[in-house]
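Notes follow once the structure below has been shown.
Note: hydrogens, waters and symmetry copies are ignored here, and every other heavy atom, side chains too, is used. Lettering of chains follows the sequences in order, A, B, ..., and the numbering in each one begins at 1.
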Number of protein chains: 2
Amino acid sequence: MARKTGSHSEITGPRVHAAAQRLFARYGYAAVSMRQIATEVGVQAGALYNYTPDKQSLLFDLMRAHLEDLLAAWRAESCPAPPLAALERFCRFHVRYHLDRPDEVFIAYMELRNLVPENFAVIERLRKRYETELETILCAGQAQGVFALEDVKLATLAVIAMLTGVTTWYRDTGRLSRNRVEMLYWDMVRKAVGA
Amino acid sequence: MARKTGSHSEITGPRVHAAAQRLFARYGYAAVSMRQIATEVGVQAGALYNYTPDKQSLLFDLMRAHLEDLLAAWRAESCPAPPLAALERFCRFHVRYHLDRPDEVFIAYMELRNLVPENFAVIERLRKRYETELETILCAGQAQGVFALEDVKLATLAVIAMLTGVTTWYRDTGRLSRNRVEMLYWDMVRKAVGA
DNA sequence: TGTCTATCTGAACATTCGTTCATTTCCAAG
DNA sequence: CTTGGAAATGAACGAATGTTCAGATAGACA
């Protein structure tokens, strides 16, 4: 029976994952110790094991949650539309979503090699599913003659790399607003695909 | 265990850096121990300290050497040319150079956060210098009306991110030759900048 | 042959690592 | 008030970390 007031588990649990997220993003999975995470949460290291079986699961859970949220958010936002409109929606969504979640994104792209093979396979499958969402749009546009692509698969990877790169330089204090960044990236993608 | 002919230091030294490069690229700086590097070289851990003052210097030297080589190689290859030709040369150079040195590139992009601040500043300055090479080309083309860019600085970052992304998926055993990959990326960049 | 010296070994250093667990704390229901 | 049980402590575990260093080793030179 869960304690209603005074129970810490419903508070501490999320705090453990939030602390791990912030620290993994800043210093890297391998460079962060369980004791650092515990300090950030305000408990002793042993207490973390009430909320995760081990350090690896902490990383895996963060990455899986991020990719599942990303997919769910895109599917909630996307709707049947002509390829050009669908591509614009995808680009703006991708930039906006990634700018809003820099830590999640950073971990998902940088910590793949710290996953044990079994977890890596799960994450790769999710990442591939997201890629396929874009590839499908590009394929449709190519078939309808709206885009002019020499290689749809390469274009998919090139566009995602270009868009994701925004997280490496964007700062809220910079000269460009998020809306303008969205627009500028969409403009370049539109031209890159020949539309 | 025995010196075969002459001194080993001229052989072991490069081997230490080569082993560090391979292991850092595969498992990440923080996840690789000095003993793993030593095993790869075929010596005991203590012997490494004849060739590097510490682990941090091993990482820093690899990153600095990579970026200095990159800049030198580009400056050797580039020549005064109209913006469109210069951009093509840059794109093809960047893709080719990065495909030929996947380990160096991976380390340079993934291990920035493992540099102590003083070393980070040096590496960032070198990276910025390389970025400026592209930005200069885009600026010139923009001034001459050859390119149609809304924001030259963002375009610089977007193009570099797109091109560098090639290292995350390209495999020698894949369906595309290096030459074709070079060509496909150049084609997308050319369109993206409006030329 | 014997000495010199660069190179490497092998053991040791103090920390830190992820993880476990018996014990304590403390709220809430009986 | 008593008591059950979830949550946290704090100490401990063996293993691994980066780094140091006295001493062994063996090619080069006299």
Side-chain angles (χ1 to χ4, degrees), chain A residues 1-21 23-24 26-63 107 111 113-119, chain B residues 1-21 23-24 26-63 107 111 113-119:
Chain A
M1 304 311 158
R3 285 183 276 178
K4 302 236 160 88
T5 69
S7 171
H8 284 186
S9 75
E10 288 162 17
I11 297 172
T12 308
R15 295 228 305 149
V16 168
H17 287 80
Q21 185 165 97
L23 290 170
F24 287 169
R26 183 164 313 172
Y27 304 109
Y29 173 78
V32 171
S33 72
M34 294 298 270
R35 283 171 180 82
Q36 285 176 59
I37 297 171
T39 298
E40 185 102 342
V41 175
V43 297
Q44 294 296 315
L48 299 181
Y49 292 84
N50 290 322
Y51 307 99
T52 182
D54 48 37
K55 192 186 177 190
Q56 169 75 199
S57 300
L58 220 37
L59 176 63
F60 176 61
D61 289 348
L62 289 173
M63 293 180 77
I107 292 171
E111 302 296 353
R113 61 183 163 187
N114 287 117
L115 293 170
V116 299
E118 159 196 340
N119 290 341
Chain B
M1 189 170 293
R3 281 186 276 180
K4 276 143 200 158
T5 67
S7 163
H8 274 187
S9 73
E10 288 162 16
I11 296 173
T12 308
R15 294 227 306 146
V16 168
H17 286 80
Q21 185 165 98
L23 290 171
F24 288 169
R26 183 164 312 173
Y27 304 108
Y29 172 77
V32 171
S33 72
M34 294 299 270
R35 283 170 181 82
Q36 285 176 57
I37 298 171
T39 299
E40 185 103 341
V41 174
V43 297
Q44 294 297 315
L48 299 181
Y49 291 85
N50 290 322
Y51 306 100
T52 182
D54 47 37
K55 192 187 175 190
Q56 168 76 198
S57 299
L58 221 36
L59 176 62
F60 176 62
D61 289 348
L62 289 174
M63 294 179 77
I107 292 172
E111 302 296 353
R113 61 183 163 187
N114 288 117
L115 292 170
V116 298
E118 159 195 340
N119 290 341

Exercise. Between dA8(D) atom C1' and Arg15(A) atom CZ, what is the distance in whole Å?
Worked result: 14 Å
Exercise. Quick one: CG on Leu58(A) to CG on Leu48(A), what's the gap to the nearest 0.5 Å?
Worked result: 7.5 Å
For this session: For residues 42-52 of chain B, pull every pair meeting salt bridge (charged side-chain N to carboxylate O under 4.0 Å, His left out), keeping only residues two or more places apart or in separate chains.
Result: none
Problem set entry | Partners meeting salt bridge (Lys or Arg N to Asp or Glu O under 4.0 Å) with Asp61(B) (sequence neighbours left out) | Arg64(B)
Problem set entry | Residue pairs passing the salt bridge (charged side-chain N to carboxylate O under 4.0 Å, His left out) test where at least one lies in residues 36-45 of chain B, sequence neighbours excluded | Arg22(B)-Glu40(B)
Exercise. What is the distance, rounded to the nearest whole Å, between atom CG of Leu48(A) and atom C1' of dG10(D)?
Worked result: 14 Å
Exercise. Got a sec? Which of residues 54-62 of chain A come in under 4.0 Å of DNA chain C, heavy atoms?
Worked result: Asp54(A), Lys55(A)
Exercise. Is there any salt bridge (charged side-chain N to carboxylate O under 4.0 Å, His left out) pair reaching into residues 49-60 of chain B, and which pairs are they, with sequence neighbours excluded?
Worked result: none
Exercise. Rounding to a whole Å, what distance do you find between Gln44(B):CD and dA12(C):C1'?
Worked result: 13 Å
Seminar exercise, completed: Rounded to whole Å, the CG-P distance (Asn50(B) to dA6(C)) equals 11 Å
Exercise. Is there a side-chain contact between Val43(A) and Val16(A) (heavy atoms, below 4.5 Å)?
Worked result: no
Problem set entry | Interface residues of residues 27-38 of chain B with DNA chain C (non-hydrogen, below 4.0 angstrom) | Arg35(B)
Seminar exercise, completed: By salt bridge (Lys or Arg N to Asp or Glu O under 4.0 Å), Arg113(B) pairs with (sequence neighbours left out) Glu111(A)
For this session: Check every atom of dT9(C), dG18(D), dG18(C) against the side chain of Tyr49(B) and return the nucleotide holding the closest atom.
Result: dG18(D)
Show which side-chain atoms of residues 29-36 of chain B pair as donor or acceptor with protein atoms under 3.5 Å away, not counting sequence neighbours.
{"unit_1": "Tyr29(B)", "atom_1": "OH", "unit_2": "Gln56(B)", "atom_2": "N", "d": "3.3"}
{"unit_1": "Ser33(B)", "atom_1": "OG", "unit_2": "Arg35(B)", "atom_2": "N", "d": "3.4"}
{"unit_1": "Ser33(B)", "atom_1": "OG", "unit_2": "Gln36(B)", "atom_2": "N", "d": "3.1"}

Exercise. Does Thr12(A) place a side-chain N or O at less than 4.0 Å from the phosphate oxygens OP1/OP2 of dA8(D)?
Worked result: yes
